[in-house]
Protein chains: 4
Amino acid sequence: MPARLIDSFGTTDAFAELFSDSAVIDAMLRFEIALARSQARLGMIPQSAADAIGQVSSLDAGTMARDARESATLAIPFVKALKAQVGGAAGFVHYGATSQDLLDTTLVLLLRGAREVLANDHARLTQALRELSERHAGTITLARTLLQPALPTTFGYKAAGWFGAVVRSWRRVSAAFDEALVLQFGGAVGTLAAYGDHGLDLAAALAGELQLALPAAPWHAHRDRLASLVSQCGVYAGCLAKVARDIALLMQPEIGEVSERGGGSSAMPHKRNPAGSVVTLAAAAQVPGLVASFLSAMPQEQERAAGGWQAEWPVVACVVQSTGSALAALTSVFDGLTVDAARMRANLDRAAGAIGQLDDLERSEQYLGAAEALRRRILEDTE
Amino acid sequence: MPARLIDSFGTTDAFAELFSDSAVIDAMLRFEIALARSQARLGMIPQSAADAIGQVSSLDAGTMARDARESATLAIPFVKALKAQVGGAAGFVHYGATSQDLLDTTLVLLLRGAREVLANDHARLTQALRELSERHAGTITLARTLLQPALPTTFGYKAAGWFGAVVRSWRRVSAAFDEALVLQFGGAVGTLAAYGDHGLDLAAALAGELQLALPAAPWHAHRDRLASLVSQCGVYAGCLAKVARDIALLMQPEIGEVSERGGGSSAMPHKRNPAGSVVTLAAAAQVPGLVASFLSAMPQEQERAAGGWQAEWPVVACVVQSTGSALAALTSVFDGLTVDAARMRANLDRAAGAIGQLDDLERSEQYLGAAEALRRRILEDTE
Amino acid sequence: MPARLIDSFGTTDAFAELFSDSAVIDAMLRFEIALARSQARLGMIPQSAADAIGQVSSLDAGTMARDARESATLAIPFVKALKAQVGGAAGFVHYGATSQDLLDTTLVLLLRGAREVLANDHARLTQALRELSERHAGTITLARTLLQPALPTTFGYKAAGWFGAVVRSWRRVSAAFDEALVLQFGGAVGTLAAYGDHGLDLAAALAGELQLALPAAPWHAHRDRLASLVSQCGVYAGCLAKVARDIALLMQPEIGEVSERGGGSSAMPHKRNPAGSVVTLAAAAQVPGLVASFLSAMPQEQERAAGGWQAEWPVVACVVQSTGSALAALTSVFDGLTVDAARMRANLDRAAGAIGQLDDLERSEQYLGAAEALRRRILEDTE
Amino acid sequence: MPARLIDSFGTTDAFAELFSDSAVIDAMLRFEIALARSQARLGMIPQSAADAIGQVSSLDAGTMARDARESATLAIPFVKALKAQVGGAAGFVHYGATSQDLLDTTLVLLLRGAREVLANDHARLTQALRELSERHAGTITLARTLLQPALPTTFGYKAAGWFGAVVRSWRRVSAAFDEALVLQFGGAVGTLAAYGDHGLDLAAALAGELQLALPAAPWHAHRDRLASLVSQCGVYAGCLAKVARDIALLMQPEIGEVSERGGGSSAMPHKRNPAGSVVTLAAAAQVPGLVASFLSAMPQEQERAAGGWQAEWPVVACVVQSTGSALAALTSVFDGLTVDAARMRANLDRAAGAIGQLDDLERSEQYLGAAEALRRRILEDTE
């Protein structure tokens, strides 16, 4: 179990597990076992060696993290530990592969797991938003611009706006996952030269074993697919944060139009805080800087970077976990959200009175037909 | 002409013009004229008013930038200046529209222009990379990992790697442009209420006038499309910077495998600097932080933000211009790049000698067949 | 006049002028003239040459920005243009200096000008905040945590909190200016070798001419002083934005405790927007990403960077201008801020009623003595 | 022990321990115990309660991280767990304090521990750099600008440049620690109202117990001190990365002027990688984006933020750990660095030959006196 207290809002139990030491080692093992199995099938190593490697079901992380610093790669202590477990098959472990084949594919496998969790929560959130929008299709409320009351809208249209942004952004995340979840396999310098004429066959076999797509070529120093994924997570997290900010603002008692089930206060028992929105905002706030870190590291030297690549793992893991944490928190907000339509109406009336423009307000309220049409367009556009 | 000396590498003449004061005013005018024309066609305003508005071909920026600060929106001084030009039609200017309709659509129109310039340069760059890769399909060179000599590869495969990343990233930029280049039109709070039952008809007519796609709904506070565009520019710029870094490293005289036509030095006339690569790197280095700025501004309050939206224009304009500047600089690098195949061979031999592993090197050189197959896969994948 | 419309909130007239093309050329000229004058005094070049160079009072920016891209340095087209103006003294222009001596010192001179403008506005802002705090030392108001009403405080203490953060942060900015405003002068590779035994004498003379401090050594590839300045501007801008956010929130009509003179709306004439706060937030939002850009560029290669250094000018200029724009906007907010003490009282009473904890509230109100003591501590601490 | 494999280069054993769950709980306990003790001394709570609280020497993190998400604060599950351990004294735990008093002071206590580790490694690094500079005061080497050979310098001067930047930056970090390591204590809304007339006495007593300075006032929503610390760590890390980049470039075999003891390769046993430099670069690359995250979160709402504050812990912890990891890695580089003065000489001669400017080179070599003077100025300036 990772250190969690220093970052309570940056991950969830599920995500912490997905990027835990044991999950990392498990994914690394999967790569090496699949590699050995593929190589045995192609006659590159003895089947007995592949069998021996395939027997290893876990390794102790031990001092691997520390040892990784000595060689600037986790692959070296890992392969060493693995070799120590397989007796005579040691010489066939990681055969012809390079550190980055192992580590990038490991990251891809971890991301595949994360995608599932994200997809599940996303489905829950959008379902909740769609229902909220439908339920409040006719709930008149005050639109606010620059934090000032403006004119009437419907709460259903407002919820549809949230829905549309979240759905569009997830589509991009999903497409970016499709592109990024590909095998990394190129050998020392990406030429597959160690495998003579059989490099591409082996790559295809390995991809098959791991059920990963095979890209046109290895991508050791070309990080655009991951960069796109990380960036689209940033866009998605930004959309989640926008919803959370709206909720937190609407939940100000002076406005009081919605209310989270909320959390308490250690000093003021009477308080009801927008806890889920706050966690969403706190988690999402991590992401933009991390996206910049990833993009800044893209100019990676020649066939393998001296620093930029090695900076990626924690960035990607944090982006995904923070996004997932924000998503989980926001989903929980909508599990228990109370909408106060009467208060919305009262706020609208008060605003109309204050600004002496009842006519305008009434007219626009009367013409909320377009808002309803737009609301339906959003829900249909993104089904 | 904008202030250019403080940012000589952040834009080009073409991009500076595209985002100049006159270009901004021209795009703003196009919106208002198209709006009036559409409204006249739908009988919302007199045709004569639309004609009067349509006569205005330019406005003086004057103190608009300063005045914009008073109201936190450029739309107000602009609309005021426009009204002053149209006599009796003043009451029909900007009718029913909101600041953000005008300003967001203006940005979209500017971006449409920028896309063309980017696309042209991108086509030149990828053509050059493709040719370079073909020409050097058989040029053996030393691959380097962590800045250390590793094993042989071909320069053609290396160029194909650059090509593939740039092409994939451009596809994403292009798809993001497709999504982002849509009309913004919703009226005061995005409901089109000012237009009664004809809001959607007007929106469609306006989109047609401006030859922009009509999105499902206005997107005043939902910035995901722009965020995706900005982010994908960041990924693309990162790929350009990676190529530039490689060139600058290969051009070190101690390596000397390629050479830019290059630039001079004010203190050392004998020097030949990787000027194009340096400009590429300098321009691209601007982008990641700007992407973070855009993403950080996404949690925009309710129906229109108090700060986040207003922060976007310079960020988007800088991202696009910096990306364009990096692209132009890198394209010029390949216009005059010299490749020294003999030096590549010599460096390879020297590395082989130094590490006493001639056998390994020879073997992998002999098996560069896979590299050639991978090279072709990349070129075919991305045609 | 620079392109301003695309970035109306990112600078002010004063700052735009400070970083305009003519200001840049003027500062560059000051360096070259001071260099020539110092060299003449030390007998390194003829006095007549220094006189000829000293006659040049302006140069046309012309195509310098474009030409700078060819050589990756603005110094080359500038020096060329200057030489063309001085006839026979051409051979003595920029003698022994390097591009970066000229360009870094130019930036320092520009920053010295910017510091003055910032300092003036800072003085106005803190004066306003101090007065506000004193005036409302006894104005009871509702403190809010997580956007929820909490317990009483005084508006004077709240204003003191703003004051304290702004004052502390400016002290750090000011100290960072002290460190950063130093001469850059090292010749081609920072050794002053071109000047034989007289390099340090020349450096001291040049520093004297320009009234800049002389650092221990040139800092061509060591950017920590500028990095610290840029970062501290980021902290300062963050403090300004915090105040602006508070104002914008307190100005929500549902709360209505303070009010900016404010700006209008193009679609809703009845609205009064927190325009100054919005501009403050929009301007300040630019800065964090730019700080990251600067820091990311710090690993500059050997004696002069290939990309990182060349990325700095626009970053520094934008940071300073955005900070200055935020400061000017916030200062204007306090020029016209209305404080509604009655509304504060009413909100407090309503909150007390709503939460059924009148006792608690009354008790804490009664004990606001500590708040007053803390308020005075802040004002005294930072005088 | 935290999850380390996903972030092997982002922390060290020492730092991982400093921010571990048990370290966090220990610091939280220290706060609560010191608070109780101070309150007992002032007669606010019974001494027996303080004694009971003081008995608690550890708490199980259990599900605290998860529970923290419910209330958006770790303080609530922690205080609950603590109360469960102290029987009848439960009512006196955390008396009158607020979540943020506990959590901010906890962070400060953790940072105090981190500062010591950083200071120790910094001392080792600067000692190594000073010695290196002295040892090579007379070692002539080739300066390089824009990655191109320029003119001679000395390796001692180069090392002094590294030394100067690192020392200056540490001074700023150290000053920022001095400012940031202060007590947070204000009660629910920062007024100390719960303690009647004794709030400031209690604050002073608590500061004394914890051996922390007492600031002028609580700083719940004013984060400039931490922001300055985080930013200065960013500057410092940037300086470390610059040194690492130089080493990695000089260690290219084609240049071969220095050599790390280095690390191996999983695919190429012959390789010797700049492992320490790579880890330094990878760790330092995390920091700029995190600095932006911190600065972006500074506009914190009213008396306690809804999101921005809650985002800080992982950012601060990552900045400090990444900086510490970079520092540890770079320190180890200099423990085993080999300098090849003969190769430096050979590279210089070859460069001179290639550019046909032996005269220039010889002259500048002859005049390296200024470089030596500058070198000494740096070492003296920063003692």
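Chain letters run A, B, ... following the sequence lines, proteins first and then strands; every chain starts at 1.
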How long is the straight-line distance from [atom2] of [Y] back to [atom1] of [X], given to the nearest 0.5 Å?
X        : Y        : atom1 : atom2 : answer
C:Glu70  : B:Arg261 : CD    : CZ    : 8.0 Å
C:Arg245 : B:Glu301 : CZ    : CD    : 6.0 Å
C:Thr73  : B:Asn273 : OG1   : CG    : 9.5 Å

Below 4.5 Å, heavy-atom pairs only: which of [options] has the largest tally toward chain C?
options                                : answer
B:Ser322, B:Ala329, B:Ala305, B:Ala282 : B:Ala282
B:Leu281, B:Val278, B:Val279           : B:Val278
B:Gly10, B:Gly289, B:Ala61             : B:Gly289
B:Cys318, B:Ala306, B:Gly308           : B:Ala306

* Expected output: side-chain B:Gln310 to main-chain C:Phe9 donor-acceptor under 3.5 Å -> no

* Pick one of side chain, backbone, both or neither for B:Ala285, based on which atoms fall under 4.5 Å of a heavy atom in chain C. => both

* **Per-residue contact mode, B:Leu102 against chain C (heavy atom under 4.5 angstrom)** => neither

* Does atom NZ of C:Lys80 have more than 12 heavy-atom neighbours from other groups under 6.0 Å away? -> no

How close do [X] and [Y] get, heavy atom to heavy atom, and via which atoms?
X        : Y       : value
B:Arg66  : C:Arg4  : N-NH2, 4.5 Å
C:Ala275 : B:Ser71 : CB-C, 3.8 Å
B:Ala317 : C:Ile6  : CB-CG1, 3.6 Å
C:Ala65  : B:Ser8  : O-CB, 3.9 Å

* **Portion of C:Ala68 that has a non-hydrogen atom of chain B nearer than 4.5 angstrom** => both

* Under 4.5 Å from a heavy atom of chain B, the part of C:Leu295 involved -> neither

* After noting the C-alpha distance and the side-chain angles of B:Ser325 and C:Arg69, does the key distance pass the side chain to side chain donor-acceptor pair (under 3.5 Å) rule? -> CA-CA 10 Å; B:Ser325 169; C:Arg69 297 174 63 90; 2.7 Å; yes

* Do the side chains of B:Met64 and C:Leu5 get nearer than 4.5 Å, heavy atoms only? -> yes

